[in-house]
> 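Pasting a structure here, questions to come.
Counting starts at 1 for both ligands and their atoms, following the listed order.
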Amino acid sequence: MALLPILRYPDPRLNKVAQPVQAVDARIKALIADMLETMYEASGIGLAATQIDVHERLVVIDTSEERNAPLVLINPEITWLSEERVKGDEGCLSVPGIYDGVERATAVKVTALDGEGQSRTLEAEGLLAICIQHELDHLKGKVFVEYLSPLKQGRIKTKMVKSLRDER
Ligand code: K1U
Ligand code: ZN
């Protein structure tokens with residue numbers, strides 16, 4: 001297994017649209033293992049393949065307190081979003097240190113393949129529903145800060161570019 005580098009906003013590769021996974025084969029299974037290791041090491045609750053510069057429809061999630069309930073979604077599609085909405089603070093491993101409010105559906109239904117290539121449907125609410133919407137946005141090339149005002153986006157971009165420069 002390996003830790004994978006996570007792209008940092010405003011890297012334009014975060015805006016690429018992911019393509020469907022063609023086969024759940026040994027390459028995809030190895031990628032899932034690496035993505036889970038990377039997500040746990042970064043203390044995240046989710047990670048989309050886009051964030052590690054792989055533009056295929058694959059996300060890993062674990063919103064459990066115990067960090068022992070990995071969820072793998074391959075070629076996920078949201079089939080239903082609740083009308084009820086909630087605005088809550090989100091973070092992103094690609095935008096470290098930034099938390100801000102985004103309005104999301106409180107519940108979703110999703111279809112996807114699991115890590116063995118089996119077809120699954122899932123109903124989610126609470127943090128899991130929010131995380132699924134956030135991760136599926138990554139697959140569409142959308143980062144959560146792009147829901148914020150142009151003024152906030154500009155400030156966040158400046159802060160991220162500065163902190164990347166300072167790290168180098
Ligand atoms: O996509 C990502 O970068 C992962 C992201 C997922 C996410 C967090 C919060 C709301 C929606 C989606 C994170 O894991 S951010 C980091 C984090 O540690 C965290 C933030 C809020 C709750 C729990 C964990
Ligand atoms: Zn994110």
> Quick one: which of G44, G91, P96 has a heavy atom closest to atom 5 (C) of ligand 1?
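Ranked by closest heavy atom to atom 5 (C) of ligand 1, first place is G91.
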> Minimum heavy-atom separation for V24 and E116, please, with both atom names.
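Scanning both residues completely, I find the closest heavy atoms to be CG1-C, 4.2 Å.
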> Below 4.0 angstrom from a heavy atom of H138, which ligand 1 atoms are there? Numbered from 1 as shown, please.
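Those qualifying, in numeric order: 1 (O).
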> Is it true that a side-chain atom of D34 and a backbone atom of M1 form a donor plus acceptor pair closer than 3.5 Å?
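No; zero donor-acceptor contacts below 3.5 Å.
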> Could you establish whether I45 and ligand 1 come within less than 4.0 Å of each other, counting only heavy atoms on the residue side?
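Distance cut 4.0 Å: I45 passes for ligand 1.
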> Starting from atom 4 (C) of ligand 1, find the nearest protein heavy-atom neighbour and note its residue, name and distance.
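Going by distance alone, atom 4 (C) of ligand 1 is nearest to G46 O, 3.0 Å.
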> Flag D89 as yes when one of its N or O atoms lies below 3.5 Å from any N or O atom of ligand 1, and as no otherwise.
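No, no N or O pair falls under 3.5 Å.
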> List the steps and the verdict of salt bridge (Lys or Arg N to Asp or Glu O under 4.0 Å) for R27 and E56.
CA-CA 12 Å; R27 179 184 70 88; E56 295 178 64; 2.9 Å; yes
> Do any non-hydrogen protein atoms sit less than 4.0 Å from atom 21 (C) of ligand 1?
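It does not: no protein heavy atom is found less than 4.0 Å away from atom 21 (C) of ligand 1.
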> Have a look at ligand 1 and work out which part of A48, if any, has a heavy atom under 4.0 Å from it: side chain, backbone, both or neither.
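The answer is neither.
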> Over all heavy atoms of both residues, which pair between P70 and D62 is shortest? Give the atoms and the distance, please.
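Looking at all heavy atoms of both residues, the closest pair is N-OD2, 3.6 Å.
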> Looking only at protein heavy atoms, which one is nearest to atom 11 (C) of ligand 1, and what is the separation?
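Residue, atom and distance for the closest contact: H134 ND1, 3.7 Å.
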> To the nearest 0.5 Å, what is the distance between CG on L71 and CG on L128?
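Nearest 0.5 Å value for the CG-CG distance: 6.5 Å.
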> Counting distance only, does the side-chain N/O of N75 pair as donor-acceptor with the main-chain N or O of P20 below 3.5 Å?
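A pair under 3.5 Å: no.
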> What is the closest protein heavy atom to atom 16 (C) of ligand 1, and at what distance does it sit?
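Going atom by atom, the protein heavy atom closest to atom 16 (C) of ligand 1 ends up being L93 CD2, 4.2 Å.
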> Determine, counting only non-hydrogen atoms of the protein, whether one lies under 4.0 angstrom from atom 9 (C) of ligand 1.
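Yes; the ligand atom in question has protein heavy-atom contact below 4.0 Å.
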> Tell me, yes or no, whether the heavy-atom count around R155 atom CZ, taken from other residues, nucleotides or ligands under 6.0 Å, exceeds 12.
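No, CZ of R155 has 12 or fewer neighbouring heavy atoms, counting only those of other groups under 6.0 Å.
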> Considering Q51, E135, E90, R104, which one's heavy-atom position lies nearest to atom 6 (C) of ligand 1?
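Selected option, by shortest heavy-atom distance: E135.
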> Just heavy atoms, cut-off under 4.0 Å: does M39 contact ligand 1 by side chain, backbone, both, or neither?
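None of M39 does.
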> Please work out the angle at the Zn ion (ligand 2) defined by atom NE2 of H138 on one side and atom SG of C92 on the other, rounded to 10°.
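Reported to 10°, the angle equals 100°.
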> Between E90 and F144 (side chain of the first, backbone of the second, donor and acceptor by atom type, cut-off under 3.5 Å), is there such a pair?
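Flag not set: sc E90 to bb F144 has no pair under 3.5 Å.
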> Considering only protein heavy atoms, which is closest to atom 17 (C) of ligand 1, and at what distance to one decimal place?
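Atom 17 (C) of ligand 1 sits closest to the protein heavy atom S43 O, 4.0 Å.
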> Could you check whether K142 makes a cation-pi contact with Y147, meaning its NZ or CZ is under 6.0 Å from the centre of the six-membered ring and within 45° of the ring axis?
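Satisfied, under 6.0 Å and within 45°.
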